[in-house]
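Below you will find the structure I want to go over with you.
Quick note: residue numbers are just sequence positions, from 1. These figures come from a predicted structure and were not determined experimentally.
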Amino acid sequence: MTEPHQLTTKQGRRIACHYMPGQGPTVVFLGGFKSDMTGTKAIYLQDWAEATGRSFLRLDYSGHGVSSGDFLDGAIGDWFEDALAVMDAVTSGPLVLVGSSMGGWISLLVARAIPARIVGLVGIAAAPDFTEDSMWADFTDAQRAEIIEKGQIALPSEYAEVPYIITRRLIEEGRNRLVLRAPLALNFPTRLLQGTADIDVPPAVALRLLDHATGPDIRLTLVKDADHRFSTPACLALITDAITDVLESTI
């Protein structure tokens with residue numbers, strides 16, 4: 001694996017990415033909360049793109065992976081800006097966005113910011129507005145008081161031995177980036193993939209996104225017993241099938 005390319009955003013954050021030129025629209029993988037571009041789905045899609053000759057981009061948001069910054073300093077808007085800056089710097093022409101979990105939210109923000117460049121979107125357990133609708137909404141009164149007074153709160157996670165630290169800034173900045181409170185036009189082929197056994201982003205979120213978004217070709221696939229990781233061989237094959245479907249729709 002080659003060393004990642006490094007670029008500095010106008011905000012001064014150094015972002016690491018891997019870009020592979022190829023045919024057709026560039027497929028951009030946007031990972032989830034505290035994940036990085038060496039995860040199972042990112043590498044699987046890199047291998048798929050290489051095998052099929054597709055243009056492909058993956059990246060680490062600031063505070064993630066090998067990019068600069070402290071995770072605790074970041075928020076949704078920062079990571080959206082990072083993704084947009086990388087796309088602007090290293091790609092040209094049409095894009096197909098593939099967003100996993102939080103990356104699904106960031107994909108929707110990118111699509112709203114540069115709609116003329118987006119020709120397709122695949123959401124994998126997409127988690128739009130999760131800081132407000134999942135975190136803040138589920139906090140107890142005591143937890144809300146703690147995060148306001150202390151600036152952060154620790155939450156247990158099944159994905160790490162140490163708790164996730166959720167900051168007040170993550171919650172408050174996220175309120176400026178919500179996508180389910182205003183019209184959301186997805187005027188390109190959109191495929192949403194969702195596991196029924198996902199306890200982090202339950203199917204109700206996917207159904208809400210499907211109901212809220214408008215567009216000529218939006219489809220939701222529910223996969224029985226699939227969890228939030230959505231990384232079994234069968235689930236990975238569904239992701240590339242969805243991307244292929246979107247790409248063929250752009251021809």
Measure across Pro189 and Val246 and return the closest heavy-atom pair with its distance rounded to 0.1 Å.
O-CG2, 4.0 Å
Any donor-acceptor pair under 3.5 Å linking the side chain of Thr9 with the backbone of Leu7?
no
Side-chain touch Val110/Val28, heavy atoms, less than 4.5 angstrom
no
Should the heavy atoms of other residues, nucleotides or ligands under 6.0 Å from CG of Asp141 be counted, would the total exceed 12?
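Counting other residues, nucleotides and ligands, CG of Asp141 stays at 12 neighbours or fewer.
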Considering all heavy atoms, the nearest Pro4-Ala16 contact:
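Residues Pro4 and Ala16, closest heavy atoms: CB-CB, 4.0 Å.
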Less than 4.5 Å apart, any side-chain heavy atom of Val223 and any of Thr221?
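They are in side-chain contact.
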Would Leu184 and Leu209 count as a side chain to side chain contact (heavy atoms under 4.5 Å, CB included) here? Give the steps.
CA-CA 9 Å; Leu184 179 62; Leu209 175 56; 3.8 Å; yes
Transitive ILVMFWY side-chain link Val205 to Leu121, under 4.5 Å
no
Considering only heavy atoms from C-beta outward, does the side chain of Leu30 approach that of Met87 to under 4.5 Å?
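Contact flag for Leu30/Met87 side chains = yes.
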According to a hydrophobic-cluster definition based on side-chain heavy atoms being under 4.5 Å apart (Ile, Leu, Val, Met, Phe, Trp, Tyr only), do Leu45 and Val86 belong together?
no
Does Lys41 qualify as a cation-pi partner of Phe29, given the criterion of NZ or CZ under 6.0 Å from the six-membered ring centre and within 45 degrees of its axis?
no
Which heavy atom in Gly174 sits nearest to a heavy atom in Trp105, and how many Å separate them?
O-CZ2, 3.9 Å
Are the side chain of Thr196 and the backbone of Asp225 linked by a donor-acceptor contact shorter than 3.5 Å?
yes
Is the shortest side-chain heavy-atom distance between Trp136 and Ile147 below 4.5 Å?
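Contact flag for Trp136/Ile147 side chains = yes.
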What's the spacing between Arg168 CZ and Lys150 NZ if we round to 0.5 Å?
14.0 Å
Shortest non-hydrogen separation from Leu57 to Cys17 and the atoms involved:
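Where Leu57 meets Cys17 most closely, the heavy atoms are CD1-CB, 4.0 Å.
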What do you reckon, is CD of Gln11 surrounded by more than 12 foreign heavy atoms closer than 6.0 Å?
yes
Taking the side chain as every heavy atom from C-beta outward, state whether Leu84 and Leu109 have any atom pair closer than 4.5 Å.
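No, every pair of side-chain atoms sits at 4.5 Å or beyond.
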Take Phe188 and Leu95 through the side chain to side chain contact (heavy atoms under 4.5 Å, CB included) test and state the conclusion after the steps.
CA-CA 11 Å; Phe188 38 75; Leu95 304 169; over 6 Å; no
Is it true that Ile106 and Leu192 fall in one hydrophobic cluster, defined by side-chain heavy atoms closer than 4.5 Å?
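Yes; tracing contacts between hydrophobic side chains, which count when under 4.5 Å, links both residues.
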Look only at the side chain of His5 and the backbone of His18, and say whether a donor-acceptor pair between them is shorter than 3.5 Å.
no
Do Tyr19 and Ile15 share a hydrophobic cluster, counting only Ile, Leu, Val, Met, Phe, Trp and Tyr and linking them when any side-chain heavy atoms are less than 4.5 Å apart?
yes
Reported CG-to-CG distance for the pair Asp217 and Leu186, which is rounded to 0.5 angstrom
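Interatomic distance, Asp217 CG to Leu186 CG, rounded to 0.5 Å: 11.0 Å.
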Euclidean distance, Ile124 CD1 relative to Ile239 CD1, rounded to 0.5 Å:
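The CD1 atom of Ile239 sits 3.5 Å away from the CD1 atom of Ile124.
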Under 3.5 Å, side chain of Ser67 to main-chain N/O of Gly63, donor-acceptor pair present?
no
Establish, yes or no, whether the cationic atom of Arg177 lies under 6.0 Å from the six-membered ring centre of Trp79 and within 45° of the ring axis.
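That pair does not qualify as a cation-pi contact.
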Nearest-0.5 Å distance that lies between atom CG in Leu170 and atom CG in Asp73
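Going from CG on Leu170 over to CG on Asp73, the span is 11.5 Å.
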Give the minimum heavy-atom separation between Ser107 and Leu97, together with the two atoms involved.
O-CD1, 3.4 Å
Aromatic centroids of Tyr61 and Phe33 separated by under 6.0 Å
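Centroid separation for Phe33 and Tyr61: 6.0 Å or greater.
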Could you state the interatomic distance from CD1 (Ile166) to OG1 (Thr131), rounded to the nearest 0.5 Å?
9.5 Å
Could you tell me whether a side-chain N or O of His212 sits under 3.5 Å from a main-chain N or O of Ala182, the two making a donor and an acceptor?
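Indeed, once roles are kept as given, a pair shorter than 3.5 Å links the two residues.
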Assigning hydrophobic clusters by single linkage (Ile, Leu, Val, Met, Phe, Trp, Tyr; side-chain heavy-atom cutoff under 4.5 Å), is Leu155 placed with Ile76?
yes
Please tell me whether Thr91 and Arg117 have a donor and an acceptor in their side chains that are separated by less than 3.5 angstrom.
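Yes, Arg117 and Thr91 have a side-chain donor paired with an acceptor closer than 3.5 Å.
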Thinking salt bridges, do Arg169 and Asp78 make one under a 4.0 Å N-O criterion?
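Judged by the 4.0 Å cut-off on N to carboxylate O distance, Arg169 and Asp78 do form a salt bridge.
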Salt bridge between Arg181 and Asp129, side-chain N to carboxylate O under 4.0 Å?
yes
Quick one, Arg208 and Asp133 - any side-chain contact, counting heavy atoms below 4.5 Å?
yes
Please check: side-chain N/O of Glu50 versus main-chain N/O of Phe56, any donor-acceptor pairing under 3.5 Å?
no
Once you round to the nearest 0.5 Å, how far does CZ of Phe130 lie from OG of Ser101?
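One finds 6.5 Å between CZ of Phe130 and OG of Ser101.
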Non-hydrogen atoms of Met37 and Arg58 that approach each other most closely
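Of all heavy-atom pairs spanning Met37 and Arg58, the closest is O-NH1, 2.7 Å.
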Is a side-chain N or O of Thr140 found less than 3.5 angstrom from the main chain of Gln143, in a donor-acceptor match?
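It does hold such a pair.
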Backbone of Leu220 reached by a side-chain donor or acceptor of Gln194 within 3.5 Å
no
Note, Thr240 side chain near Thr52 side chain (heavy atom, < 4.5 Å):
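No. Closest side-chain heavy atoms not under 4.5 Å.
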Within a strict 4.5 Å, meaning less than it, do heavy atoms of the Arg219 and Asp245 side chains meet?
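When only atoms from C-beta onward are counted, Asp245 and Arg219 do touch, with a gap below 4.5 Å.
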